[in-house]
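Notes follow the structure.
Hydrogens, waters and symmetry mates play no part in the numbers below; they use all other heavy atoms, side chains included.
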Amino acid sequence: MFSIRVLLHKLLILLQVTLSVAVGKTMMILFPDTTKRYILKLGEKSRMNQNPKFSYENWGPTFFSFQYLLFVLKVKWRRLEDKAYEGHPAPNTPVVALNGEIRQLSSFMRDNRPLILNFGSCTCPSFMLKFDEFNKLVKDFSSVADFLIIYIEEAHAVDGWAFKNNVVIKNHRSLEDRKTAAQFLQQKNPLCPVVLDTMENLSSSQYAALPERLYILQAGNVIYKGGVGPWNYHPQEIRTVLEKLK
């Protein structure tokens, strides 16, 4: 019964996304200026318009493409596996350290200190644009909280829903691919540990983290669940919560 319900839910999502993409593509053809203004308005929410690497032509025209459809479907289907809810126990999923050691998320929790989880990948522009802001959080609150970056599958892999002028990384076919991709992130000098999601994408799935997302865990529970990126990925909300916990 459960599998049938999930299958029906996935089918409904498929119909909704397909219809949305068809309407969006039609609008892009018939009313290009109106559609461009709509997409740029979305970009404002993630500060995409402030990213010096990307002009609208690098990313806007990719909306409502076939690769866009496939990615949105994956994200929405993955959310059906969400098991992380505020006020409830945090999923204790496995992650892989860069040295290959497999650890459970609970092993990063210390006493009653908050643990901030930052999910993302290098091909996700909003994640990278706000990385310095996240690093500032680590610097300002490392005395009272712990931080962990979980490198997940690519948001805009060159062989997927790709943006022009973006970092060139293919979809990960192995854990070694994911580790190699995470090396690009090391160039940003993260001030906290970086670990990898498993190739089964267990953390990304159970935390509904694709394409990027922020969480705060404390005493084994989820006390803050950030919005889904890119439009609702806001590191400043973490600052607000941590200031109250000081």
**Message:** Any heavy-atom pair between the side chains of Asp146 and Arg110 that's under 4.5 Å?
**Reply:** yes
**Request:** For Asn201 and Arg78, run side-chain contact (heavy atoms from CB on, under 4.5 Å): C-alpha distance rounded to whole Å, both residues' side-chain angles, the deciding distance at 0.1 Å, then the answer.
**Result:** CA-CA 10 Å; Asn201 301 308; Arg78 190 74 58 79; 3.8 Å; yes
**CD1 on Ile150 to CG on Leu196, rounded to 0.5 Å** = 10.0 Å
**Asked** Does NZ or CZ of Arg103 fall inside the cone over Phe108's six-membered ring, less than 6.0 Å from its centre and within 45° of the axis?
**Response** yes
**Request:** Walk me through it: do Gln186 and Leu98 pass the test side-chain contact (heavy atoms from CB on, under 4.5 Å)?
**Result:** CA-CA 11 Å; Gln186 297 293 338; Leu98 295 182; 3.2 Å; yes
**Message:** So Ile149 and Val195, do their side chains get closer than 4.5 Å, heavy atoms only?
**Reply:** no
**Request:** Please confirm whether the backbone N or O of Phe163 pairs with a side-chain atom of Asn58, one donor and one acceptor, at under 3.5 Å?
**Result:** no
**Item:** Side chains of Val222 and Tyr85 in contact at under 4.5 Å (non-hydrogen atoms)
**Value:** no
**Message:** Keeping Trp77 on the side-chain end and Lys10 on the backbone end, is there a donor-acceptor pair under 3.5 Å?
**Reply:** yes
**Prompt:** Are the side chain of Ser121 and the backbone of Ala155 linked by a donor-acceptor contact shorter than 3.5 Å?
**Reply:** yes
**Whether His88 side chain and Glu86 backbone form a donor-acceptor pair below 3.5 Å** = yes
**Message:** How about CZ on Phe31, more than 12 heavy atoms from neighbouring residues, nucleotides or ligands closer than 6.0 Å, or not?
**Reply:** no
**Request:** Determine the minimum heavy-atom distance between Val21 and Phe64, stating which atoms define it.
**Result:** CG1-O, 3.4 Å
**Message:** Angle between ring planes, Phe131 versus Phe134, binned at 30° and 60°: parallel, tilted or perpendicular?
**Reply:** tilted
**Fill in**
Interatomic distance, CG@Leu148 vs CD1@Ile116, rounded to 0.5 Å, equals 10.0 Å
**Request:** Check the side chains of His172 and Glu153 for a donor-acceptor pair under 3.5 angstrom, ignoring hydrogens and angles.
**Result:** no
**Message:** Could you check whether atom NZ of Lys170 has more than 12 heavy atoms from other residues, nucleotides or ligands sitting under 6.0 Å from it?
**Reply:** no
**Tyr38 atom OH: more than 12 heavy-atom contacts under 6.0 Å** = no
**Fill in**
In short, Pro61 meets Met28 closest at the heavy-atom pair O-SD, 4.3 Å
**Prompt:** Have Tyr224 and Glu237 got a donor and an acceptor in their side chains that come within less than 3.5 Å?
**Reply:** yes
**Over 12 foreign heavy atoms within 6.0 Å of NZ, Lys74** = yes
**Prompt:** Out of curiosity, Arg178 CZ to Ile169 CD1, how far, rounded to the nearest 0.5 Å?
**Reply:** 11.5 Å
**Request:** Verify whether one side chain among Thr93 and Ser203 offers a donor that lies under 3.5 Å from an acceptor in the other.
**Result:** yes
**Plane angle bin for Tyr68 and Trp161 - parallel if under 30°, tilted between 30 and 60°, otherwise perpendicular** = perpendicular
**Item:** Note, Arg113 side chain near Gln218 side chain (heavy atom, < 4.5 Å)
**Value:** no
**Prompt:** Should Glu133 and Lys130 count as an ion pair when the cut-off is N to O under 4.0 Å?
**Reply:** no
**Request:** Quick one: do Val72 and Val75 satisfy side-chain contact (heavy atoms from CB on, under 4.5 Å)? Show the steps, please.
**Result:** CA-CA 5 Å; Val72 173; Val75 169; 5.7 Å; no
**Pair Lys136 + Asp140, salt bridge at N-O below 4.0 Å** = yes
**Side-chain touch Phe147/Leu117, heavy atoms, less than 4.5 angstrom** = no
**Item:** Exercise: do Asn118 and Tyr151 side chains pair donor with acceptor under 3.5 Å
**Value:** no
**Asked** Side chains of Thr123 and Asn166: do they bring a donor and an acceptor to under 3.5 Å?
**Response** no
**Asked** Under 3.5 Å, is there a donor-acceptor pair between the side chain of Ser107 and the main chain of Gln104?
**Response** yes
**Asked** Is a donor on one side and an acceptor on the other found under 3.5 Å between the side chain of Asn165 and the backbone of Lys53?
**Response** yes
**Asked** Is the closest basic N to carboxylate O distance between Lys225 and Asp82 below 4.0 Å?
**Response** yes
**Prompt:** Once you round to the nearest 0.5 Å, how far does OG of Ser142 lie from CG of Leu191?
**Reply:** 8.5 Å
**Asked** Run the salt bridge (Lys or Arg N to Asp or Glu O under 4.0 Å) check on Asp132 and Lys139 step by step: do they pass?
**Response** CA-CA 10 Å; Asp132 289 341; Lys139 183 177 180 180; over 6 Å; no
**Prompt:** Just wondering, are more than 12 heavy atoms of other shown residues or ligands nearer than 6.0 Å to CG in Leu42?
**Reply:** yes
**Request:** Could you check Arg213 against Tyr207 for side-chain contact (heavy atoms from CB on, under 4.5 Å), going step by step and ending with a plain yes or no?
**Result:** CA-CA 8 Å; Arg213 202 164 198 170; Tyr207 282 87; over 6 Å; no
**Any donor-acceptor pair under 3.5 Å from Asn232 side chain to Gly229 backbone** = no
**Asked** Aromatic rings Phe127 and Tyr233: how do their planes relate, parallel, tilted or perpendicular, breaks at 30° and 60°?
**Response** tilted
**Message:** For Trp59, is there any backbone N or O sitting under 3.5 Å from a side-chain donor or acceptor partner on Thr62?
**Reply:** yes
